[in-house]
Amino acid sequence: MISLQSCILRPWQWSDRNNLALHANNRNISINLRDSFPWPYTLDDADAFLNLAVGQTLTRFAAIEINGEAVGGIGLESFYDVNRFGSEIGYWLSEKYWGKGIMSEVLRAYTSYVFQNTELVRLEALVFSWNRSSVTVLERCGYGFEGRLKKACFKADQWCDQLIYAKLKE
């Protein structure tokens, strides 16, 4: 568990099921994430995610808890082979808590925790070019812009560019 000023980062639990479905069921969240984060987000979707996440370490999946509720998440997707010392980082937060600096605090603390507790030397994030809020969070937390991947994905019935940001272990 990681206690922060605005929230707690902790492992996911089965008791998070209802809050996960409640807070994740938001098109304004899902539009900025991969299609594997569905909308609408149902209790069945929460079950499927929790089947993966419960029992994992914080360096794989962490719940963002505010006032006793899981209201978001952050985690890693491991790379393999010659890229095995890097991972992709992803995160989301209930719209109710946007604009309060919470995700910047979470990303900064989680990045530090991962670098201190794993052999990873590189974390990277892929962001849809329209997601200026996530770009701001990444830049505030010391992630550097590495490039634009043109027409790299198809989201919301359109081709879109992705921006790649990365942070290296110091």
Side-chain angles (χ1 to χ4, degrees), residues 1-13 16 20 23-24 29-37 48-66 70-95 97-153 155 160-170:
M1 183 168 68
I2 304 169
S3 294
L4 304 174
Q5 185 175 356
S6 61
C7 63
I8 295 170
L9 298 180
R10 61 160 174 80
W12 285 95
Q13 306 164 11
D16 295 324
L20 172 57
H23 292 286
I29 294 171
S30 68
I31 195 70
N32 291 307
L33 301 173
R34 293 189 176 164
D35 288 343
S36 59
F37 191 101
F49 173 73
L50 291 172
N51 273 323
L52 294 172
V54 170
Q56 295 289 324
T57 66
L58 282 181
T59 56
R60 177 68 172 106
F61 296 112
I64 301 169
E65 178 184 308
I66 298 175
V71 299
I74 190 166
L76 301 177
E77 186 68 36
S78 298
F79 296 149
Y80 299 96
D81 203 333
V82 296
N83 302 102
R84 68 188 171 275
F85 294 104
S87 284
E88 182 179 358
I89 192 164
Y91 48 84
W92 68 275
L93 182 66
S94 174
E95 188 173 9
Y97 297 100
W98 289 3
K100 299 178 182 193
I102 294 168
M103 192 49 72
S104 293
E105 181 185 21
V106 166
L107 181 59
R108 197 173 291 113
Y110 188 75
T111 299
S112 177
Y113 180 84
V114 166
F115 283 147
Q116 289 172 12
N117 291 281
T118 71
E119 293 182 341
L120 296 176
V121 297
R122 176 184 171 84
L123 296 179
E124 61 184 60
L126 286 170
V127 183
F128 299 129
S129 57
W130 63 67
N131 190 350
R132 297 305 309 161
S133 295
S134 192
V135 165
T136 299
V137 167
L138 289 162
E139 290 175 348
R140 280 184 185 154
C141 295
Y143 281 71
F145 176 72
E146 293 193 338
R148 175 181 292 266
L149 306 173
K150 294 181 179 181
K151 289 189 178 181
C153 61
K155 178 72 178 182
C160 62
D161 295 353
Q162 286 182 299
L163 309 177
I164 186 164
Y165 280 80
K167 184 159 176 93
L168 304 178
K169 189 175 195 172
E170 297 172 353

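As a basis for the values below, the full set of heavy atoms in this structure was taken, side chains included, without hydrogen atoms, waters or symmetry mates.
- With ring centers used as reference points, Phe61 lies under 6.0 Å from Phe49.
- Considering only heavy atoms from C-beta on, Cys7 comes within 4.5 Å of Ile102 through its side chain.
- Formation of a donor-acceptor pair under 3.5 Å by the Ser112 side chain with backbone atoms of Arg108 is not found in this model.
- Going from atom CD1 of Ile89 over to atom CG of Leu76 covers 5.5 Å, rounded to the nearest 0.5 Å.
- Side chains of Ser6 and Tyr97: a donor-acceptor N/O pair is absent below 3.5 angstrom, by distance only.
- A donor and an acceptor atom, one from each side chain of Asp161 and Trp130, are nowhere located under 3.5 Å apart.
- With salt bridges taken as basic N to acidic carboxylate O contacts below 4.0 Å, one links Glu88 and Arg34.
- Expressed to the nearest 0.5 Å, how far CD1 of Ile64 lies from CH2 of Trp92 amounts to 8.0 Å.
- The two residues Pro11 and Ala63 come nearest to each other via the heavy atoms O-CB, 4.4 Å.
- Residues Asp16 and Leu50 come closest through the heavy atom pair C-CD1, 4.5 Å.
- Leu123 places none of its side-chain heavy atoms less than 4.5 Å from the side chain of Leu168.
- At least one side-chain heavy atom of Glu95 sits less than 4.5 Å from a side-chain heavy atom of Trp98.
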message: side chain to side chain contact (heavy atoms under 4.5 Å, CB included), that's the test. Do Leu20 and Trp12 meet it? Break it down for me.
response: CA-CA 10 Å; Leu20 172 57; Trp12 285 95; 3.9 Å; yes
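- Here the straight-line distance linking atom CG of Asn131 with atom CG of Leu33 works out to 8.0 Å at 0.5 Å rounding.
- Expressed to the nearest 0.5 Å, how far NZ of Lys167 lies from CD of Glu170 amounts to 4.5 Å.
- When all heavy atoms of Thr57 and Thr59 are compared, the pair lying nearest together is OG1-OG1, 2.9 Å.
- A heavy-atom distance below 4.5 Å is found between the side chains of Arg148 and Ser129.
- With respect to the salt-bridge test (charged N to carboxylate O, under 4.0 angstrom), the residues Lys155 and Asp35 qualify.
- When every heavy atom of Ser87 is checked against every heavy atom of Ser78, the shortest pair comes out as OG-CA, 3.5 Å.
- Between Ile31 and Phe128 there is no side-chain heavy-atom pair separated by less than 4.5 Å.
- Taking both residues in full, the closest heavy atoms of Leu120 and Arg84 are given as CD2-O, 3.8 Å, listed atom of the first, atom of the second, then distance.
- At least one side-chain heavy atom of Val71 sits under 4.5 Å from a side-chain heavy atom of Leu93.
- Under the side-chain hydrogen bond (donor to acceptor under 3.5 Å, both in side chains) test applied with Tyr165, the options Glu139, Glu124, Glu146 reduce to a single match, Glu139.
- Residues Phe79 and Arg122 have side chains not in contact (no heavy-atom distance under 4.5 Å, counting atoms from C-beta outward).
- Remark: side-chain polar atoms of Tyr110 are paired, donor with acceptor, to backbone N or O of Leu58 under 3.5 angstrom.
- Contact check for Tyr91 versus Leu138: side-chain heavy atoms found under the 4.5 Å cut-off.
- At least one donor-acceptor pair closer than 3.5 Å links the side chain of Glu105 to the backbone N or O of Gln5.
- Taking the side chain to side chain contact (heavy atoms under 4.5 Å, CB included) definition, one finds that Phe85 meets it with Glu119, Val121, sequence neighbours left out.
- For the atom pair CD1 (Ile66) and NE2 (His23), the distance works out to 8.5 Å, reported to the nearest 0.5 Å.
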>> If you apply the rule side chain to side chain contact (heavy atoms under 4.5 Å, CB included), what do you find for Leu9 with Leu4, and how did you get there?
In response: CA-CA 8 Å; Leu9 298 180; Leu4 304 174; 4.1 Å; yes
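- For the atom pair CD (Glu77) and CZ (Arg60), the distance works out to 5.0 Å, reported to the nearest 0.5 Å.
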